[in-house]
Amino acid sequence: SATAPAKPKEPLAELAPPAPEPAPDLATAAEGEADGGAAPALDQPMGTTDTRTRAEGPAESAVADGVVAYLPAPSVVAPGTMPDSMPKLQGNTEEYSNAPVNPVKITAEEPVSTFSTDVDTASYAVVRSTLNLGMLPTPEQVRVEEMINYFPYAYPAPEPGQAFRTTVSVMPTPWNDGTRLVTIGLQGALPAVADRPALNLVFLIDTSGSMEDPNKLGLLKQSLALMLPELRPEDEISIVTYAGSAGQVLPPTKASEKDKILSALDNLTAGGSTAGAEGLELAYQVAKSMQADGEVSRILLATDGDFNVGVSDPDGLTAYVAKKREQDDTYLSVLGFGRGNLDDATMQALAQNGNGQAAYIDTLSEARKVLVDQLTGALFSIADDVKVQVEWNPAEVAEYRLIGYETRALRREDFNNDKVDAGEIGAGLQVTAIYEVTAPGSDALRNDPLRYGTATAPEGASELGFLRLRWKAPGEDQSQL
């Protein structure tokens, strides 16, 4: 439980982004080198499903209350020289997974907040690439929790034998003197690399015509090449591609045969339509054929998300992915490439239902972060279906709001229902969630108190609230607190 100190504690870590790094030299990627305050939150009622919204729309020409309106992405890039690693928007049919912003909740009426964890970082990379193109991101592109979780924080490591460790801190709200921020941090354990099981990895690569740009298939090849030196010799890789149809271009091959794997990647070309559903089906077949006792099988889908042949709606695709996750215990992660027709909504749906992660790769530096620095966390889970539930004390917290996690909201009863899917935490990864809370009597309260309402404090009146976590050990069906 978190307590209400007389003086707010210092924040656990600054949320400021690091200094910008220079654009990478893409020509060296194939060598296989492996060196290596938040905006106002978005609001959504509990239990609301996420919606698909397009990044296109009419431009706002008026300026109200001194705030510059958001503009849609132009159909062509403004004149000027851009680095080869930066995207060039030619048309704008992008779709993003987002939901209405989380509202302020009155603790006396709704004291319990429940949500699924999220370790995805795609939103931050999309926002960065939009700014690098000289444009403001649209609200639909911003998922606040992914902006926050993009950065590492100095959370203490778990004790031996623990899957993860929880840290709670309280600080003044920088943008509102009358409220405080309660930060909940989860730090996953990082087992020794030598102790991890053998990995069977299927690269499922979109080679359709929409992937022909250098910042799509070209960057994809270089990104996957960075990953190879991080694998162990006994790990196996297979490559499945899909365009108008799907095919296996590399049978299961030991990671030690790097030249053979790199040659298969180099020979990939783009063309045709996008039979994504057929590609998924073949990838799961290959992954199942590679399975052996004690080994881990993963599918890594690299695409712009533009599925247009066969089953292409998120509901149909995610239902299939969820079924294969349960049947074969094979997780699916998604890497997004390119701009202009990026289907973030489909990518998010596939990753969430595949018990994997969604990331957007806009530069080789981002590829190194995702596929080298965080490889173990991306491919090896230490806790599945991780759910967070906070019960707020109405005597200390009159109002609260969860910053972000709109597409991860759960109903209160979902917390104890092991059939309800939730997010995973990979080895060594972190999860950060932030609540803005308002004390009774604060000038920052947004709602008037009820005439007949009372807020009685339980024993331990100084508690702000009570935190509970529920998760499953990998491969288990029953959760634990």
| request: Go through Leu464 and Val182 one step at a time and tell me if the side chain to side chain contact (heavy atoms under 4.5 Å, CB included) criterion holds. | output: CA-CA 9 Å; Leu464 288 178; Val182 178; 4.1 Å; yes
Measuring only between side-chain heavy atoms, which start at C-beta, is [X] closer than 4.5 Å to [Y]?
| X | Y | value |
| --- | --- | --- |
| Pro137 | Leu131 | yes |
| Leu190 | Ile382 | no |
| Leu186 | Leu469 | yes |
| Val202 | Thr330 | no |
| Thr117 | Lys387 | no |
| Tyr405 | Asp118 | yes |
| Val431 | Val386 | no |
| Glu396 | Asn393 | yes |

For a quick test of reading the model, state the closest non-hydrogen atom pair linking [X] to [Y] and the distance between them.
| X | Y | answer |
| --- | --- | --- |
| Ala439 | Ala398 | C-CB, 4.1 Å |
| Val334 | Met347 | CG1-CG, 3.7 Å |
| Leu220 | Ala302 | CD1-CB, 3.2 Å |
| Glu424 | Asp385 | OE2-N, 2.9 Å |
| Leu342 | Gly336 | CD1-CA, 4.4 Å |
| Ala367 | Leu226 | CB-CD1, 4.1 Å |

| message | I'd like to know if Arg412 pairs up with Glu110 as an ion pair, taking the criterion as any Lys NZ or Arg NE/NH1/NH2 lying under 4.0 Å from an Asp or Glu carboxylate oxygen. | response | no
| request: Salt-bridge test for Asp477 and Lys472: reply yes if a basic N is under 4.0 Å from a carboxylate O, no otherwise. | output: no
Does [X] use its side chain to pair, donor to acceptor, with the backbone of [Y] at less than 3.5 Å?
| X | Y | result |
| --- | --- | --- |
| Gln187 | Gly428 | yes |
| Ser123 | Arg143 | yes |
| Asp120 | Ala122 | no |
| Gln357 | Leu379 | no |
| Ser442 | Ala444 | yes |
| Asp213 | Asn215 | no |
| Ser116 | Gly423 | yes |
| Glu399 | Arg446 | yes |
| Tyr360 | Gly338 | yes |

| Test item: side-chain donor near acceptor, Ser129 and Arg339, under 3.5 Å | yes
Which distance, rounded to the nearest 0.5 Å, do you find between the [atom1] of [X] and the [atom2] of [Y]?
| X | Y | atom1 | atom2 | result |
| --- | --- | --- | --- | --- |
| Thr114 | Gln389 | OG1 | CD | 3.5 Å |
| Thr432 | Ile403 | OG1 | CD1 | 12.0 Å |
| Tyr155 | Phe164 | OH | CZ | 13.5 Å |
| Leu350 | Leu301 | CG | CG | 6.5 Å |
| Leu219 | Leu224 | CG | CG | 9.5 Å |
| Met147 | Gln141 | CE | CD | 10.0 Å |

| message | Filter on salt bridge (Lys or Arg N to Asp or Glu O under 4.0 Å), then keep only pairs touching residues 150-165, sequence neighbours left out; what's left? | response | Glu159-Arg165
| field | Counterpart residues, side chain to side chain donor-acceptor pair (under 3.5 Å), relative to Lys324 (two or more places apart) | value | Asp328
| task | Apply the test side-chain hydrogen bond (donor to acceptor under 3.5 Å, both in side chains) to residues Arg325 and Asn353: give CA-CA distance (whole Å), side-chain angles for both, the deciding distance (0.1 Å), then the verdict. | result | CA-CA 8 Å; Arg325 176 196 73 210; Asn353 285 272; 4.8 Å; no
| field | Cation-pi, Tyr435 ring and Lys105 (6.0 angstrom, 45 degrees) | value | no
| Cation over ring, Arg298 on Tyr331, under 6.0 Å and within 45°? | yes
| task | Could you check Thr438 against Tyr400 for side chain to side chain contact (heavy atoms under 4.5 Å, CB included), going step by step and ending with a plain yes or no? | result | CA-CA 6 Å; Thr438 310; Tyr400 68 90; over 6 Å; no
| message | Just to verify, which of Leu445, Thr173, Val397 counts as forming a side chain to side chain contact (heavy atoms under 4.5 Å, CB included) with Thr179? | response | Thr173
| message | If the test is side chain to side chain contact (heavy atoms under 4.5 Å, CB included), which one of Thr346, Asp343, Thr407 qualifies with Ser97? | response | Thr407
| message | Which residue is it: Glu95, Glu94, Lys216? I am looking for the one with a side chain to side chain donor-acceptor pair (under 3.5 Å) to Asn341. | response | Lys216
| Among Asp414, Asp418, Asn416, side chain to side chain donor-acceptor pair (under 3.5 Å) partner for Arg470 | Asn416
| field | ring pair (Phe, Tyr, Trp, His ring centres under 6.0 Å) partners for Phe203, two or more places apart | value | none
| said: Taking the six-membered ring for Trp, are Trp392 and Phe466 closer than 6.0 Å centroid to centroid? | reply: no
| task | Before giving the answer on side chain to side chain contact (heavy atoms under 4.5 Å, CB included), spell out for Met227 and Leu201 the whole-Å C-alpha distance, their side-chain angles and the decisive distance to 0.1 Å. | result | CA-CA 11 Å; Met227 182 181 184; Leu201 182 61; 3.3 Å; yes
| Between Tyr124 and Phe151, what is the ring plane arrangement, given parallel below 30°, perpendicular above 60°, and tilted in between? | perpendicular
| Test side chain to side chain contact (heavy atoms under 4.5 Å, CB included) applied to Gln222 and Leu364, step by step | CA-CA 8 Å; Gln222 297 171 2; Leu364 274 184; 3.9 Å; yes
| request: Determine, step by step, whether Glu366 and Arg128 satisfy the salt bridge (charged side-chain N to carboxylate O under 4.0 Å, His left out) criterion, reporting the C-alpha distance in whole Å, the side-chain angles of both residues, the deciding distance to 0.1 Å, and the verdict. | output: CA-CA 11 Å; Glu366 185 67 15; Arg128 180 181 59 203; 3.0 Å; yes
